[in-house]
Undergrad: 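Dropping the structure in here first, questions after.
So that the names make sense, note that chain A is the first sequence line, chain B the second, and so on, each numbered from 1.
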Amino acid sequence: MILERDAIVPLKRVEIIIDDEDFDEIQKICRSLDIRGYTYLREVGGFGSRGKRQSEEIFLHEKNILIIIACTEDQAEKLVKTISGRMKEIGGICLISDCDWVKGPTISY
Amino acid sequence: MILERDAIVPLKRVEIIIDDEDFDEIQKICRSLDIRGYTYLREVGGFGSRGKRQSEEIFLHEKNILIIIACTEDQAEKLVKTISGRMKEIGGICLISDCDWVKGPTISY
Amino acid sequence: MILERDAIVPLKRVEIIIDDEDFDEIQKICRSLDIRGYTYLREVGGFGSRGKRQSEEIFLHEKNILIIIACTEDQAEKLVKTISGRMKEIGGICLISDCDWVKGPTISY
Amino acid sequence: MSISSILVPAVLFFALGMFACIIKSDLKFPPDMHKMIVIYLLVGIGLHGGKALTETSMSSAIPAVMAALILGFGLPIVAYIIMRFIGRIDPMNAAAIAAHYGSVSAGTYMTAVAFLNGINVEYEAYPVIMLAIMESPAIIIGLILAGYSRRVLAAQQGGIGGTAVAGGGGHGDQKGMLKHLVIESFTNGSILLLFGSMAIGSIINEPNMTKIEPFFDKIFMGALCLFLLDMGMEAGKRISEFKDVGIFLVIFGIVMPLIGASAGILMGHFWLQYSIGGVTLVTVLAASCSYIAVPPAMRLAVPEANPSFYLTMSLGLTFPFNVLAGIPLYYASAQWLAHNY
Amino acid sequence: MSISSILVPAVLFFALGMFACIIKSDLKFPPDMHKMIVIYLLVGIGLHGGKALTETSMSSAIPAVMAALILGFGLPIVAYIIMRFIGRIDPMNAAAIAAHYGSVSAGTYMTAVAFLNGINVEYEAYPVIMLAIMESPAIIIGLILAGYSRRVLAAQQGGIGGTAVAGGGGHGDQKGMLKHLVIESFTNGSILLLFGSMAIGSIINEPNMTKIEPFFDKIFMGALCLFLLDMGMEAGKRISEFKDVGIFLVIFGIVMPLIGASAGILMGHFWLQYSIGGVTLVTVLAASCSYIAVPPAMRLAVPEANPSFYLTMSLGLTFPFNVLAGIPLYYASAQWLAHNY
Amino acid sequence: MSISSILVPAVLFFALGMFACIIKSDLKFPPDMHKMIVIYLLVGIGLHGGKALTETSMSSAIPAVMAALILGFGLPIVAYIIMRFIGRIDPMNAAAIAAHYGSVSAGTYMTAVAFLNGINVEYEAYPVIMLAIMESPAIIIGLILAGYSRRVLAAQQGGIGGTAVAGGGGHGDQKGMLKHLVIESFTNGSILLLFGSMAIGSIINEPNMTKIEPFFDKIFMGALCLFLLDMGMEAGKRISEFKDVGIFLVIFGIVMPLIGASAGILMGHFWLQYSIGGVTLVTVLAASCSYIAVPPAMRLAVPEANPSFYLTMSLGLTFPFNVLAGIPLYYASAQWLAHNY
Ligand SMILES: Nc1ncnc2c1ncn2[C@@H]1O[C@H](COP(=O)(O)O)[C@@H](O)[C@H]1O
Ligand SMILES: Nc1ncnc2c1ncn2[C@@H]1O[C@H](COP(=O)(O)O)[C@@H](O)[C@H]1O
Ligand SMILES: Nc1ncnc2c1ncn2[C@@H]1O[C@H](COP(=O)(O)O)[C@@H](O)[C@H]1O
Ligand code: NA
Ligand code: NA
Ligand code: NA
């Protein structure tokens, strides 16, 4: 990584894909863990253990939501612990990767 | 990585951006390679070697699809080998990165 | 990484989330830095330092745009330097991570 | 009934939509347009039905309600038995498909109304109540059939492998699901719209009705054409999936509406004793197959079933059959019955 | 005014929408459908108003314009004072909410028109001008109140901590924002549509008007029903947020429209001297609360305020109150005034 | 033709849309609304045209078909030559733009119909066939011109650099593309809708037509206003791109419709011998420029061309010119021709 060390903050990028209707629950969990920022994309389709979920099928509209959370490793660990049990029931996936937050905008992680 | 080793599975995150109309083909390839999960987002705009593709332009509606696949390194390699040739013709991009699958939900990779 | 070295090109994946209405500005910056490809997703909701921005609220429609740029480390550095100041004013977030570009399609980074 | 009078615009637009799909035209409706027209049409039928009902006594509607319940509970059971014992279809798919055939399609009903209007045939107000009522019972039967199938499957596996763990687990869920589905069958958007606007149509006075009729009544038949154009494309899309569905189910998708129609026409003529128009509508209801309320309910209640099966059969097969061939056939039969018995 | 005549379809559909939401129905309108109906309705009111205005002299509209400005500038100040000094609401939220209560709701206005049409009561053309004018002034007052509050807060903090840095910074922004908002109040989509179609309605000739009336006039009342069905669902959604808003603001959301209505009815009757229908419309305008133009303006101008407060109050409280209870009440009061004074 | 009679509502709404865009209003139509109105309008024109055609003999339509083909094939060639030899525009962009000017704009046609209706001028049924036919030929010519240009370019480069590899490769593609485009010109959504509903309009009987006319005919002119309001905004958006397009092409965007109009008016009057209304419509077709079927076809067939050029010219320049100035001018000319020759 050539990018200057003091211009970035290493964080975790948590990516959660679940049923759109379960989003409220995840939002509450985020609030309770004091996660200060997240992004979501609706109308997401997919294929997984429960078969196809097609956001574009008008007669059987099942859609996922994709949630992206940039947070500290600490927060990520807490988040993952809290939701992994619940996700056993509601399905979906949760991926974690490394990322760097570029300093500049107001901090919201 | 502080996250406990046994709570996660290291995987590859493959991200493919192609013309929406070529999605069927990629889906078929995924099925043939026994890839067990993917996510897609429609109405994606972009700029690349073929110029702008604007999903919001009503008189020239060209849209991309963004496909995210979490899979094993093995699957990723097979996938990449299979599609890279075809993508020479249909355009688009394919990115790969590392990620960790958080255990909990039914496995679908 | 088992993936064969000559089939991929290591790049940076820059992910920018800002107000939809500031997209034009970022596009101009990309053009000026000779960035040759990017992807964007509209109708993105989120939560951050400025509170909720809900793309689905009809009476207070505030939406983000998610921009994904695969580029060389060099380009990423220039880009980050150029926009981090501006993002202090317009808000949003900018994340960087590592990725590999799979060779095949026409190069557009 | 001349040839030109059965060239109902709505049906022709349906054919145009299928044609567009078959020749792979890029014609596409925005998905929201579909939803908007459906909302509009349901409110339109509801208001119209509600108004018609005010002119009839409540008690005279009881036979219609009973007929609706009998058809709604009976037809899925018949369908299930046929699929299981003649077609050897696996039990979960059979249960899910059966539920669709017990429920109704508002689109088919409206096309039949357009058909009757086109040839100036009168009809009673009761069928619209039947339409509203028949959406739900089949969902419940579908769930019961699925629960029954699950127990049988578990017993079979239990006989081989030991304890019926899955069966036990499924049992508790079953009750919650039943409650859930019963609630849903009242809160389901399209059922609510239909009942709600029937209620509104029956309580507003004449001058108030007159003010909203240009929107909900005068332009209704035209809007129906666009709806059917879209449905034609949706039907056309699914033709390519016939091969996955298999020959038995393809035949079933044509035969089952005829069985339903037979039950409906006999009930309509001999028991309910409606006019030719009314009998036609009852027959259409019994022959039609849901694609609005039932698919999401079955996806939830019978996740083991393949959604592509029931959607293909309902939208790609039974709906087009009813619209293009069924309705004139049912009308002709009702006419024949009326003149001969 | 019999009971059946106040069963205005539009209002009943609003109730149906709220009901659907309360019983947690999955009924949902595509968001674009909402926007489309709003565009259609605004153009419809505009054209109709513009046509009516051609039959009146320009000068006779001056009192209406003045009344609109007085209400638009005055009501938010009253609202702010009540919230600050009785409710002890924090200044930034008070400013943002106040702006909403000074502005108007086209939906409430249209429902009132539907109500008057339903009971065959005539009304003047001026209130539609007032509707168009009253959208903007309250936004400016909201900004001024927010600026004032910011200075007060800064002074308080300055008194404790030292220099009023934030206040100074806010000051420069304030001017830019004012200019921005003044421009926006003319370029705002809904205001532009309303004024634009009023202009078009007033310059096209009779035969041309006749050709577009089937779309913009005949089917208007029916389309309004779908709009109110959707608004009912939007209102219902927000009921769950009453607890966050707090008891004072909930009461305020009912009392403030009554205060506005009092001002409006007195102006309408004694000063403007309109007919019962006209007075009712002026009262409705004064009692109604914006949810189209003001929320985005306040989000921009007063980012410190909580959007969930003003949206909940406007959509979940004041709009339903006006539609379900306010309009008949205002009408009855206007009738009483007309007969007694 | 008084001044007030040319204040056609549709045109005024177009102006309002442009105005909204120029003053940077936040007025925006949901994209799906645009698509829905287009679908509705195309079906509406089709049905109306189909009905009118039943009253004429098939053979009498042959000259119209021929005129359409001549204009469709001829105008793009003229346009290409002008751009290449006067404007020195690069060949690929010239080919793509030329195709647009040979094809037609249903929006312009409908505005002209609204204009004629507003002044009570009758017109023949044939121009609607011409509208449907003229969408396609220009696409084919565009492809041929692009193929020709590619060969010329390859030869030039070959003359410098060696073998014409690209030319050879392009040649094989060319044939596949031609076949593809010919198929597409029949399966293209808007063309299919137009032809399909013309067919339906011509086979349904009077009572059936009467039932759908309130939707497709009575409210048509009003819906057209909303369409033109939206088109005004689309046109306005593109004004800012005039500088990228360059002065020659901006002039071309005004002159070319006049050249097309001249060809059209002469054909309409002297050869087809239509009434003033009919001649006006033929002129409008010849003067108008596609923005529905041709842009996607050219993007595919001539990827080397810059889409922003042809979209800006068609939507930002030629469409507004025709709507605001062209139509009354063409009508006046047709009138003059009729009275003098
Ligand atoms: N391996 C995967 N890669 C990417 N997305 C996945 C994967 N597995 C599941 N998903 C997404 O998660 C959703 C729910 O998965 P499931 O609960 O397994 O059906 C699917 O509809 C996909 O959108
Ligand atoms: N460097 C890049 N970074 C992100 N997205 C890209 C990049 N290059 C191309 N794309 C996306 O891939 C699509 C197709 O690219 P192309 O085939 O090169 O025109 C574009 O429309 C973009 O959405
Ligand atoms: N920590 C974070 N993780 C993911 N997305 C974020 C984060 N913080 C902010 N965002 C996104 O950036 C947008 C603007 O952030 P802000 O300017 O801080 O309000 C938010 O609406 C979110 O969509
Ligand atoms: Na999963
Ligand atoms: Na590429
Ligand atoms: Na931020």
Undergrad: Would you mind reporting whether D:Phe215 and E:Leu226 have side-chain heavy atoms less than 4.5 Å apart?
TA: yes
Undergrad: Return the CG to CD1 distance between E:Leu7 and D:Ile203, rounded to the nearest 0.5 Å.
TA: 5.0 Å
Undergrad: Taking C-beta and beyond as the side chain, do D:Thr187 and E:Lys24 meet within less than 4.5 Å on heavy atoms?
TA: no
Undergrad: In Å, rounded to the nearest 0.5 Å, how long is the span from SG of E:Cys225 to CD1 of D:Ile200?
TA: 7.5 Å
Undergrad: In the structure I gave you, are the side-chain heavy atoms of E:Lys28 and D:Lys35 within less than 4.5 Å of one another anywhere?
TA: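 Side chain of E:Lys28 against side chain of D:Lys35, heavy atoms only: no contact under 4.5 Å found.
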Undergrad: Please check if the side chain of E:Asp26 supplies one atom and the backbone of D:Gly189 the other of a donor-acceptor pair under 3.5 Å.
TA: yes
Undergrad: Report which part of D:Ile183 has an atom under 4.5 Å of a heavy atom belonging to chain E: side chain, backbone, both, or neither.
TA: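 Neither the backbone nor the side chain of D:Ile183 comes within 4.5 Å of chain E.
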Undergrad: Is the side chain of D:Lys211 donor-acceptor paired with the backbone N or O of E:Asn117 at a distance under 3.5 Å, no angle test?
TA: yes
Undergrad: Nearest 0.5 Å, please: how far is CG in D:Leu47 from CG in E:Leu12?
TA: 10.0 Å
Undergrad: Does any non-hydrogen side-chain atom of E:Phe13 lie less than 4.5 Å from one of D:Ser197?
TA: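 Touching, per the 4.5 Å side-chain cut-off.
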Undergrad: Please classify the contact of D:Thr210 with chain E as side chain, backbone, both or neither, using a heavy-atom distance under 4.5 Å.
TA: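 It is neither, since no heavy atom gets under 4.5 Å.
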Undergrad: Is there side-chain contact between E:Met33 and D:Ile39, with at least one heavy-atom pair below 4.5 Å?
TA: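 Sidechains of D:Ile39 and E:Met33: in contact.
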